[in-house]
*Asks:* 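Structure below; questions to follow.
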Amino acid sequence: MFKLIPRENVSPVLSLLGPLFSIGFTMFVGGILFYFLGVDPFAAIKMIFWDPLMSETFSTYSIPQIFIKGAPLILIALGLSVGFKANVWNIGAEGQYIMGAIFGASFALSLYPLESFFIFPTMVLMGILGGSLWSMIPALLKVKFNVNEILVSLMLVYVAEQLLALASLGFLRNPDGAGFPGSRNLSLYSSASNSELIMGTGIHLGVLLSLLMVVFFYVLLFRHSLGFKIKLLGNSPKASGFSGDNPNKLIFLCLTLSGSLAGLAGIMEVAGPAGQINIDFNVGYGFTAIIVAFLGRLNPIGIFFAGIVMALTYVGGELTQFMLNLPAAAIQVFQGMLLFFLLSFDLFVHYKIKLKGKK
Amino acid sequence: MDLSEINFAVLVASLIVASTPLVLAALGELIVEKSGVLNLGVEGMMIIGAVAGFIVGVETGSAYIGMIAAAVAGALLSLLFAFIILIMQANQVASGLALTIFGLGIAALMGHPYTGIKSPQISTISIPILSEIPILGTMFFQHDLIVYLSLISVLTIWYFLTRMRAGLILRSVGEDHDVAHSLGYRVITIRFLAIVFGGAMAGVGGGYLSLFRVPQWTEGMTAGAGWIALALVVFSGWRPFRLLIGAYIFGGITILQLNLQAIGVNINIAVLSMAPYLATILALVVISMSRFRGNRGAPGCLGRSFVKTI
Amino acid sequence: MKRVIKFLSASFIFAVMVLNANLAISADYKVGFIYIGPPGDHGWNYQHDVGRKAVDEAFGGKVETVFQENVPESADAERVMTQMALAGADMIFATSFGYMDPVINVAKKFPKVKFEHATGYKTADNVSTYSARFYEGRSVVGHIAGKMTKSNTIGYVASFPIPEVVRGINSAYLAAKKANPNVEFKVIWIFTWYDPAKEADAAKTLISQGADVILQHVDSSAIMTVAEEAGVYAFGQASDMSAFGPNAHLTAIINGWAPYYVEKVKQGMAGTWKGGEQTFDGIGAGMVIIGDLNDKIPASVKKEAMAIRDGIAAGTLHSFTGPINKQDGSPWLKAGETADVGTLLGMNFYVEGIEGDIPK
């Protein structure tokens with residue numbers, strides 16, 4: 001049989017090859033799946049990964065769209081990756097994303113129709129606050145009572161979803177909206193609108209921030225002592241305690257940091273591309289970001305590329321749906337497979353495999 | 001408002017039916033977690049069970065053959081999870097989420113031709129004599145086979161965990177896999193079996209939804225039941241009987257709410273729908289605090305990978 | 001080295017050229033549809049898809065239709081419609097209320113593409129809206145329900161407390177009350193358009209509380225299945241649902257989008273299509289169709305129901321004809337007066353006789 005020997009240093013080559021192999025494998029197995037669904041696999045794969053970037057018809061529109069779709073994924077995944085490195089599992093980013101949007105939008109809409117320069121920045125801060133407050137619940141429970149943060153953060157997603165329903169049917173419902181659920185459109189409220197930065201592209205502040213955050217997190221993790229402390233906490237909590245750091249403080253920091261970023265992503269989305277608080281406002285970015293964080297190997301630069309690849313599967317996936325009649329669910333299967341291959345490949349990154357000799 | 005309009009016997013009976021998928025799926029996850037594995041893919045396994053059960057049920061014309069197919073489908077999907085986390089040593093949290101995404105997608109693909117098709121006929125089994133008792137008979141003794149099966153499973157699993165050697169071994173693997181390994185237990189094999197059992201139970205829970213409770217196949221029909229099942233395991237403090245009671249409370253909230261609405265009481269549905277999740281968080285806090293008094297519910301190694309390096 | 005680079009770049013350009021060929025939709029006139037759910041729901045989306053197929057058939061190979069299912073009412077809708085427009089769509093039907101703002105945004109970017117938005121209220125030079133007077137169908141259904149109930153209790157499974165749904169409840173109630181003065185309505189709001197499990201639970205609850213006819217304003221066929229099992233009556237919503245309950249299914253209010261879609265595409269091709277229009281049609285125009293009547297309905301009731309249908313179609317009958325009071329007893333319509341479109345579109349009150357409150 002086989003025997004696993006932990007690698008002392010994670011091989012950087014394998015680390016990089018993992019995601020690439022996984023994408024290749026997913027294309028291959030996905031292609032077979034598409035074939036059985038009666039869709040030309042080559043055309044489908046090409047339409048998902050190539051056409052949004054290269055085709056003359058779509059690329060001028062879809063390239064910026066990939067960045068727009070990728071921005072919340074990248075923002076949330078960056079925050080999560082820090083926690084994951086420290087073995088702190090916030091899987092409730094979806095809830096923090098919703099709360100960021102509700103907090104920020106409630107603030108802005110409570111001032112409607114007042115127009116003033118301070119509304120937008122305060123709204124963004126409120127969004128960050130909403131996300132971080134929501135993540136502080138599992139953080140406090142973890143630190144004070146040692147309650148499992150995985151379960152608490154997950155449960156809070158469903159509480160947040162109900163609050164979202166409450167907001168869109170109740171306290172944030174558009175009074176001029178003919179009674180339909182959903183808030184006023186923030187993009188039509190100029191003081192609160194997260195408007196285009198570059199005309200005609202739809203690129204908004206959130207996209208810019210997602211790029212800046214990649215740089216910020218790179219510096220934080222690789223050029224700052226905090227990055228080292230976080231890694232130490234993840235690898236050996238005991239050693240982390242001996243070195244004089246307070247593990248509780250770090251856990252708290254990791255959770256609230258990821259909550260803040262999810263909140264930021266939420267407010268950027270609601271004031272920008274989504275426009276309004278509605279029952280269906282959240283579309284699973286908080287969960288998809290977990291895939292992105294892993295696909296990016298918990299490395300900020302990796303996360304950037306992973307976010308872009310994931311956004312590509314969405315944007316290209318939509319194309320294949322109406323151009324080739326590929327069912328929406330096939331794209332979901334495709335994403336699930338990608339994560340499976342990637343997680344499996346981790347074995348080779350972290351361990352050497354040796355054939356066991358005879359005893 | 002007139003409370004007398006509510007038929008409490010029917011209310012209890014439909015509450016039991018509404019909760020049965022939760023009971024089944026959560027019991028499976030309970031065993032998985034007791035072995036030290038956290039499988040967040042319950043929703044994915046449930047929906048695969050729902051679709052596979054429905055397809056086979058329609059094709060064979062028998063809901064019960066459909067239920068067997070549901071169990072097999074759930075188990076098959078969980079095999080994938082078992083392979084990835086036990087053999088490939090992948091992270092359990094991420095693998096569980098991947099399982100959910102994958103399962104939802106596959107189920108939607110498989111079920112596409114089966115949307116809007118009638119389900120096979122099912123019959124309820126009235127227990128002789130007992131079902132004749134007024135009120136109590138309607139509440140408890142006029143159900144389908146699966147409801148009785150879920151109750152028997154609660155009892156069996158309780159007996160297995162507390163009274164049988166195999167149950168003890170399972171728990172010890174979940175408590176501390178290194179110690180269990182050094183005692184000569186086969187950690188990987190035991191966890192493997194636990195995961196497959198959990199998958200089969202989740203599949204049955206899903207099959208019950210599509211073949212008995214609704215009964216119909218629709219995309220995304222589990223609608224978060226898998227996550228409630230997950231919450232339920234925690235809420236119960238990893239105890240089968242509390243799990244059953246919890247499931248009836250969680251399932252009962254919806255049914256009670258509908259009944260109150262029908263007699264003209266307006267209640268805030270959103271607030272009510274949050275209650276199970278908030279209750280779970282509260283239960284978690286209580287469990288974690290009481291741990292200091294030596295009352296341990298959560299398995300010690302929950303969510304940690306076991307690596308045989310020696 | 002240079003040659004290698006030259007070769008590589010040449011082959012890259014070649015690859016781009018080959019790969020980029022043949023991307024746009026190829027027929028003369030292209031029409032896109034976006035759906036909020038799966039067309040297999042046998043309800044709202046199913047009927048829109050029936051309309052799409054009718055367009056396919058009516059124009060043969062001259063028109064090509066494409067559709068996308070499960071499009072969330074968010075930024076995704078905007079992107080999907082933009083991509084359709086980029087792919088060469090000449091006309092786009094957006095078939096859910098929540099697509100309203102995205103439609104307006106995309107319409108601004110593509111002034112030549114024609115947009116048709118279902119159930120919304122915002123229009124533009126290249127955006128028209130359409131909606132059906134479903135409440136007219138509910139008058140017919142309400143009459144049958146009032147005649148068929150033995151327990152005098154009619155259950156109503158409602159989705160969201162919006163004017164559209166409230167209008168339907170009022171219309172059905174008025175007709176049922178007229179047919180049977182002892183009738184009582186029990187309403188359950190489930191706050192979703194489509195959740196078979198919830199719909200089934202709500203129907204079971206209503207039946208347990210004595211309702212023997214169930215009306216629904218939610219989209220799945222789960223209620224029909226439950227009604228069949230429990231031996232009570234129900235009505236198909238959006239499409240004929242008799243396959244799910246041959247005994248329970250009394251009739252259905254069918255959404256007839258097909259003639260409208262064919263007409264609008266014809267106008268689009270001929271260049272006579274106009275933006276800024278708001279269509280609100282009912283039984284008369286064939287946008288609301290009463291399905292086949294079950295033989296369980298006595299002949300006399302059938303005749304009355306058909307008379308109501310024909311009266312509404314001919315315009316001699318209106319679902320809301322005074323005297324009607326609001327729930328609180330305050331007068332709404334004087335004798336002989338009919339409701340105006342504005343009040344109907346914003347209806348947020350029950351009529352006199354319905355118990356309970358509309359949730360806020």
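Computed from a predicted model, the values in this text were never measured in an experiment.
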*Asks:* Between chain C and each of Leu11(B), Leu258(B), Thr254(B), count heavy-atom pairs under 4.5 Å; write down the option with the most.
*Replies:*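 Result: the option with the highest number of such pairs is Leu258(B).
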
*Asks:* Within the 3.5 Å criterion, strictly below it, is a donor on Glu59(B) or Tyr114(B) matched to an acceptor on the partner's side chain?
*Replies:* yes

*Asks:* Hey, what's the ring geometry for Phe191(C) with Trp189(C), parallel, tilted or perpendicular (30° and 60° as the breaks)?
*Replies:*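 Taking Trp189(C) first and then Phe191(C), their aromatic rings sit tilted (interplane angle of 30° to 60°).
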
*Asks:* Please classify the contact between Ala197(C) and chain B as side chain, backbone, both or neither, with a heavy-atom cut-off of under 4.5 Å.
*Replies:* both

*Asks:* Quick one: are Thr100(B) and Leu40(B) in side-chain contact, heavy atoms under 4.5 Å?
*Replies:* no

*Asks:* Under 30°, 30 to 60°, or over 60°: which ring-plane class applies to Tyr35(C) and Phe33(C), parallel, tilted or perpendicular?
*Replies:*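 Tilted: the ring planes of Tyr35(C) and Phe33(C) meet at 30° to 60°.
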
*Asks:* With chain B as the partner, which of Ile190(C), Asp201(C), Thr225(C), Val187(C) has the greatest number of non-hydrogen pairs under 4.5 Å?
*Replies:* Asp201(C)

*Asks:* Over all heavy atoms of both residues, which pair between Ile169(C) and Ala158(C) is shortest? Give the atoms and the distance, please.
*Replies:*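 That would be CD1-CB, 4.3 Å.
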
*Asks:* For Leu209(B) and Met221(B), work out which heavy atoms get closest and say how close.
*Replies:* O-CE, 4.0 Å

*Asks:* Heavy-atom distances under 4.5 Å only: say whether Glu228(C) touches chain B with side chain, backbone, both or neither.
*Replies:*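 The answer is neither part of Glu228(C).
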
*Asks:* What part of Phe185(C) gets closer than 4.5 Å to chain B, counting heavy atoms only: side chain, backbone, both or neither?
*Replies:* neither

*Asks:* Would you please indicate yes or no on a ring centroid separation below 6.0 angstrom for Tyr64(B) and Phe212(B)?
*Replies:* yes

*Asks:* For each of Gly210(C), Gly245(C), Pro196(C), Gly356(C), tally heavy-atom pairs with chain B at distances under 4.5 Å, and name the one with the top tally.
*Replies:*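 Option with the top pair count is Pro196(C).
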
*Asks:* Is Pro38(C) in contact with chain B via its backbone, its side chain, both, or neither, using a 4.5 Å heavy-atom distance?
*Replies:* side chain

*Asks:* Side chain from CB out, backbone as N, CA, C, O: work out which of these in Ile188(C) comes under 4.5 Å of a heavy atom of chain B, or both, or neither.
*Replies:*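 Both parts, backbone and side chain.
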
*Asks:* Where on Val10(B) is there a heavy atom nearer than 4.5 Å to chain C: the side chain, the backbone, both, or neither?
*Replies:*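 Looking at Val10(B), just its side chain touches chain C.
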
*Asks:* Would you mind checking which part of Ser221(C) comes under 4.5 Å of any heavy atom in chain B, side chain (CB onward), backbone (N, CA, C, O), both or neither?
*Replies:*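 Contact with chain B involves both backbone and side-chain atoms of Ser221(C).
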
